[in-house]
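Everything below concerns the one structure shown next.
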Amino acid sequence: QVELVESGGGLVPAGGSLRLSCSHSGRHFSSYAMGWFRQAPGKEREFVAAISRSGGSTYYADPVRGRFTAARDNAKNAVYLQMNGLKSEDTATYYCARGTVPTATPLHYQYWGRGTQVTVSA
């Protein structure tokens, strides 16, 4: 049984920083790419970032590139999303997901967490 649990969300002012964590309970964590997605109220879920199995390659959506950084610690079965320079448009529920390849396509991710809320106040 695979379980992904996000944490670290909260209320932050514009320009602030936040680090999200995602714990993975399944086996062979290092065999999978991990992705971060977000969904704002009334909008479709969108890709945020992805990281390869070893953590050697990362990919970012244009709106967050240069501000967000994905990382992973395979020894701890955890992935992270460091968010700096937060903007009001970053307000959303953030989800981590386990997939086969680190892409922006949701179809490549088989397991999803339940999300953690990030709210950025202007």
Side-chain angles (χ1 to χ4, degrees):
Q1 183 72 21
V2 176
E3 185 176 28
L4 299 173
V5 181
E6 302 93 341
S7 62
L11 176 64
V12 295
S17 298
L18 203 63
R19 189 179 83 151
L20 305 183
S21 298
C22 175
S23 64
H24 177 276
S25 66
R27 62 182 184 274
H28 308 306
F29 176 70
S30 63
S31 296
Y32 301 96
M34 297 294 294
W36 286 98
F37 294 76
R38 67 187 183 187
Q39 186 169 25
K43 297 186 177 180
E44 295 294 316
R45 184 172 298 182
E46 66 175 349
F47 169 73
V48 176
I51 187 166
S52 63
R53 293 168 293 173
S54 67
S57 299
T58 53
Y59 308 88
Y60 301 95
D62 288 342
V64 309
R65 187 173 293 108
R67 298 188 297 120
F68 291 10
T69 302
R72 68 190 297 161
D73 187 339
N74 287 343
K76 295 182 178 180
N77 279 18
V79 295
Y80 309 95
L81 185 68
Q82 178 66 47
M83 305 184 294
N84 298 325
L86 285 163
K87 305 174 181 179
S88 60
E89 52 262 44
D90 294 319
T91 295
T93 299
Y94 284 71
Y95 302 87
C96 68
R98 192 189 84 176
T100 53
V101 289
T103 72
T105 306
L107 287 174
H108 291 148
Y109 298 88
Q110 293 75 51
Y111 293 91
W112 296 75
R114 295 180 181 181
T116 185
Q117 179 66 38
V118 172
T119 302
V120 183
S121 60

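The structure presented is a predicted model; accordingly, all values stated were derived computationally and were not measured. Below, all heavy atoms of this structure are taken into account, side chains as well, without hydrogens, waters or symmetry copies.
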[X] vs [Y] side-chain heavy atoms within contact, under 4.5 Å:
| X | Y | answer |
| --- | --- | --- |
| Pro102 | Ile51 | no |
| Met83 | Asp90 | no |
| Tyr60 | Thr69 | yes |
| Val79 | His24 | no |
| Ser25 | Gln1 | no |

Nearest 0.5 Å, what's the [atom1]-[atom2] distance between [X] and [Y]?
| X | Y | atom1 | atom2 | value |
| --- | --- | --- | --- | --- |
| Asp73 | Ser30 | CG | OG | 11.5 Å |
| Glu46 | Arg38 | CD | CZ | 4.5 Å |
| Tyr94 | Gln117 | OH | CD | 9.0 Å |
| Gln82 | Leu18 | CD | CG | 8.0 Å |
| Arg72 | Thr58 | CZ | OG1 | 12.0 Å |
| Gln39 | Glu44 | CD | CD | 6.5 Å |

Checklist line | Centroid-centroid under 6.0 Å between Tyr111 and Tyr32 rings | finding: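 Centroid distance Tyr111-Tyr32: not below 6.0 Å, so no.
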Item checked: Aromatic ring proximity, centroids under 6.0 angstrom, Trp36 and Phe68 ->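 Centroid separation for Phe68 and Trp36: 6.0 Å or greater.
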Next item on the list: Check the pair Met34 / Leu4 against side chain to side chain contact (heavy atoms under 4.5 Å, CB included), numbers first and verdict last.
Entry: CA-CA 11 Å; Met34 297 294 294; Leu4 299 173; 4.1 Å; yes
Work out which heavy atom in [X] is nearest to a heavy atom in [Y]; give both atom names and the distance.
| X | Y | answer |
| --- | --- | --- |
| Ala14 | Ala122 | CB-CA, 4.2 Å |
| Gly35 | Tyr109 | N-CE2, 3.5 Å |
| Ser57 | Tyr59 | CB-OH, 3.6 Å |
| Ala49 | Ala70 | CB-CB, 4.2 Å |
| Phe29 | Asn74 | CE2-OD1, 3.1 Å |

Notebook entry, point to check: More than 12 foreign heavy atoms under 6.0 Å from CZ of Arg53: is that the case here?
Noted result: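 Atom CZ in Arg53 is not packed in, count stays at 12 or less.
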Check: So, are Arg65 and Asp62 salt-bridged, with charged N and O less than 4.0 Å apart?
Finding: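 A salt bridge links Arg65 with Asp62.
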Check: For the residue pair Tyr95 and Trp112, does the interplanar ring angle fall in the parallel (under 30°), tilted (30 to 60°) or perpendicular (over 60°) class?
Finding: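 It falls in the perpendicular class, over 60°.
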Check: Do Val118 and Leu81 share a hydrophobic cluster (ILVMFWY, side-chain heavy atoms under 4.5 Å, transitive)?
Finding: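 In one cluster: yes.
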Notebook entry, point to check: What about Val120 and Val48, same hydrophobic cluster or not, with Ile/Leu/Val/Met/Phe/Trp/Tyr joined at side-chain heavy-atom distances under 4.5 Å?
Noted result: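 Yes; tracing contacts between hydrophobic side chains, which count when under 4.5 Å, links both residues.
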Margin query: Walk me through whether Arg114 and Glu6 qualify under salt bridge (Lys or Arg N to Asp or Glu O under 4.0 Å).
Written below: CA-CA 7 Å; Arg114 295 180 181 181; Glu6 302 93 341; over 6 Å; no
